[in-house]
Student: 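Can you read through this structure? Questions will come right after.
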2 protein chains.
Amino acid sequence: MELFQGLSPVALADTMLCARTHELRAETRIFYQGDRAGRAYALIEGGVRISQSGSDGEQVVIRFVAPGEMFGTVALFTDRRYPAEAVTLTQSVALSWSEADMSELMTRYPRIAINLVGILGRRLQEVQERFREIATQSVERRIAHALLRLAEKAGESTGQGTEIDFPLTRKHVAEMSGTTLYTVSRILTRWEKSGWIVTSNQRVTLRDFSRVMRIAEDGVD
Amino acid sequence: MELFQGLSPVALADTMLCARTHELRAETRIFYQGDRAGRAYALIEGGVRISQSGSDGEQVVIRFVAPGEMFGTVALFTDRRYPAEAVTLTQSVALSWSEADMSELMTRYPRIAINLVGILGRRLQEVQERFREIATQSVERRIAHALLRLAEKAGESTGQGTEIDFPLTRKHVAEMSGTTLYTVSRILTRWEKSGWIVTSNQRVTLRDFSRVMRIAEDGVD
DNA sequence: CGTCGGTTTGAATATACTCAAAGCCCGTGG
DNA sequence: CCACGGGCTTTGAGTATATTCAAACCGACG
């Protein structure tokens, strides 16, 4: 839990005291886009998808949250409305803090604020990179990047290769990489036929990691 | 200067003590992408363009910096390398702080860290929105959004309408909206013929603000 | 007056989208 | 245990949108 790194045991006890625990089943909406932002969350177990939709309903996936990461935190410090919605991918466990408690904690233990700056900084850099990619690269490269990021975040090493260990539809991959589910299907099918990846039951396994990296970097296929 | 908002006069004096002043002519590179990040900057006067380039040279404009904003700050708190380059658009004045001084200030006056969280949070939300736009909207709408954002940030109200008061090439607009300079040229020419905007000498003036907003929102033209 | 950076415009083309339809897999309920 | 239904995926055909490349143009500035 990066946010609370470097805190004293006492401070940690303090933060845990005012945390609330949530046990959530798969496909549960934790908050809606536009909701008044009341709580900040930390994922303990499972997976969460954060998506943003525009006025006419087009959605994009902002990110996937893996255990150990925070979500819904930024809104507390900006306009107090969640700018996106959060939905569990699988059965999950999360902790949450109220706005008041979180502010209190941050002023009492400034280290938390500093940690948060680092976290937000890294997320900012990641979105900026994704922005550059979508602005300049072919769909194929973007899809490769998307899978690599997911593998980095939630990759389980199996006998077959690296498995991304939460359920992933073509639609979600499309919404991550700024394309359509049809194009994703065509490309993943091609990769699967070539043996670089395996997909089954909404799980994707990268069999030839370095090959996917080559696609991401050179656009070679 | 949002970063130092809410500080006591003493604290402010402290921060100014360790600031360095830079007077820069137009088109000066302040730092390169990949440079070891040594200093955080605040723009006092002028304008700065932050662009990121990929391995094969494709560039995008991450943002334009207007007076009162910080830049080059995030890198100090992440991997210590600037993730983008900064170039002045016009003659400019900036302040800067060393990494050591900035850390020192932030621990002495935690309010600075909290302010920074707010700043980064808002920037994060903006990039995420731009990401959604580029992922889901037509080029025309994206260009409209780009101009509106610039007008918001650096709009001067003139007799003709709202003028974006720094120099802006077709190329830069293209790099903001994820398209080519040719497409930007075609679209801006069309808008100009219709009378929604005026461009001259790398300055863009929005004559019919609400019309441009309609394009941004509906894609109607 | 010439040059250089930026802009416009045309024609040809590619890339990825749209829409439609069929197929597959999985879990459910009979 | 098998059949059914629903969600997800695949695939094809046709097409739009925006890109690419080439060339001419414009205008500011030395």
Side-chain angles (χ1 to χ4, degrees), chain A residues 25-27 49 56-61 87 89-91 133-144 146-147 164 166-194 197-205 215 219-221, chain B residues 25-27 49 56-61 87 89-90 133-144 146-147 164 166-194 197-204 215 219-221:
Chain A
R25 34 188 72 265
E27 297 290 322
R49 167 175 23 96
D56 30 335
E58 354 81 8
Q59 277 210 335
V60 296
V61 172
V87 177
L89 297 162
T90 59
Q91 196 170 329
E133 286 171 11
I134 203 176
T136 63
Q137 301 179 353
S138 70
V139 167
E140 184 155 25
R141 289 181 69 178
R142 277 143 50 192
I143 294 175
L147 294 189
I164 295 167
F166 38 61
L168 207 56
T169 66
R170 303 294 182 249
K171 185 110 202 296
H172 293 149
V173 177
E175 288 176 350
M176 294 183 69
S177 33
T179 179
T180 63
L181 77 97
Y182 307 104
T183 301
V184 171
S185 173
R186 285 183 230 278
I187 288 177
L188 291 193
T189 304
R190 182 145 48 81
W191 291 355
E192 185 153 20
K193 278 180 183 147
S194 310
I197 66 169
V198 180
T199 75
S200 114
N201 203 15
Q202 305 193 26
R203 303 282 161 163
V204 177
T205 305
I215 297 173
V220 178
D221 61 341
Chain B
R25 33 187 72 266
E27 296 291 325
R49 168 176 20 98
D56 31 335
E58 355 80 7
Q59 277 209 332
V60 295
V61 172
V87 177
L89 297 161
T90 58
E133 287 171 11
I134 202 177
T136 63
Q137 301 179 351
S138 70
V139 167
E140 184 155 24
R141 289 181 70 177
R142 277 141 51 191
I143 294 174
L147 294 189
I164 296 166
F166 37 61
L168 207 57
T169 66
R170 303 292 182 252
K171 185 108 202 296
H172 293 150
V173 176
E175 289 176 351
M176 294 183 69
S177 34
T179 178
T180 64
L181 77 98
Y182 308 105
T183 301
V184 171
S185 175
R186 286 181 229 277
I187 288 177
L188 291 193
T189 304
R190 180 145 51 80
W191 291 355
E192 186 153 20
K193 278 180 182 146
S194 311
I197 65 169
V198 179
T199 74
S200 114
N201 202 15
Q202 305 194 25
R203 302 281 161 165
V204 177
I215 298 173
V220 178
D221 60 341

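Quick caveat, the model's predicted, so the values are computed rather than measured. The basis for the numbers below is simple: all heavy atoms, side chains too, and nothing from hydrogens, waters or symmetry mates. All chains are named by letter (A, B, ...) in the order of the sequence lines, taking the proteins before the strands, and each is independently numbered beginning at 1.
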Student: For the residue pair B:R170 and B:T189, confirm or rule out a side-chain donor-acceptor distance under 3.5 Å.
Tutor: no
Student: Identify the heavy atoms of A:R142 and A:Q137 that sit nearest to each other, and give their distance.
Tutor: NH1-O, 3.1 Å
Student: Just so I know, are the side chains of B:L168 and B:Q202 near enough to count as touching, which here means a heavy-atom distance under 4.5 Å?
Tutor: no
Student: Would A:R190 and A:E140 pass as an ion pair if we require N to O under 4.0 Å?
Tutor: yes
Student: What pairs with A:T136 under side chain to side chain donor-acceptor pair (under 3.5 Å), at least two apart in sequence or on another chain?
Tutor: none
Student: Write down the distance between CG (B:L89) and P (C:dG6), rounded to a whole number of angstrom.
Tutor: 13 Å
Student: Do the side chain of B:S185 and the main chain of B:L181 share a donor and acceptor less than 3.5 angstrom apart?
Tutor: no
Student: What contact category does B:S185 fall into here, base, sugar-phosphate, or nothing, at under 4.0 angstrom with non-hydrogen atoms?
Tutor: base
Student: Do the non-hydrogen side-chain atoms of B:T90 and B:P167 ever get within less than 4.5 Å of each other?
Tutor: yes
Student: Quick one: is B:T189 getting a side-chain N or O under 4.0 Å of the C:dT8 phosphate, OP1 or OP2?
Tutor: yes
Student: Distance check needed: C:dG6 C1' versus B:R203 CZ, whole Å only.
Tutor: 15 Å
Student: Just how far, in rounded Å, is P of C:dT8 from CD1 of B:I187?
Tutor: 12 Å
Student: Taking side chain as C-beta onward, heavy atoms only, is A:E133 less than 4.5 Å from A:R141?
Tutor: no
Student: Between which nucleotides of DNA chain D, read 5' to 3', does contact with chain A run, using atoms under 4.0 Å from its heavy atoms?
Tutor: D:dC8 to D:dA13
Student: What is the distance, to the nearest angstrom, from the CD1 atom on B:I143 to the P atom on C:dT7?
Tutor: 13 Å
Student: Counting only heavy atoms not in A:Q91, do more than 12 fall under 6.0 Å of its CD?
Tutor: no
Student: What N/O pairs connect the protein and nucleotides 18-29 of chain C at under 3.5 Å? Give each pair on its own line.
Tutor:
residue : atom : partner : partner atom : Å
C:dT18  : O4   : A:R186  : NH2          : 3.0

Student: When you measure from the side chain of B:R170, which nucleotide among C:dT8, C:dA16, C:dG6 comes out closest?
Tutor: C:dT8
Student: Using a 4.0 Å heavy-atom cut-off, does A:L188 contact any base of the nucleic acid, only the sugar-phosphate backbone, or nothing at all?
Tutor: nothing
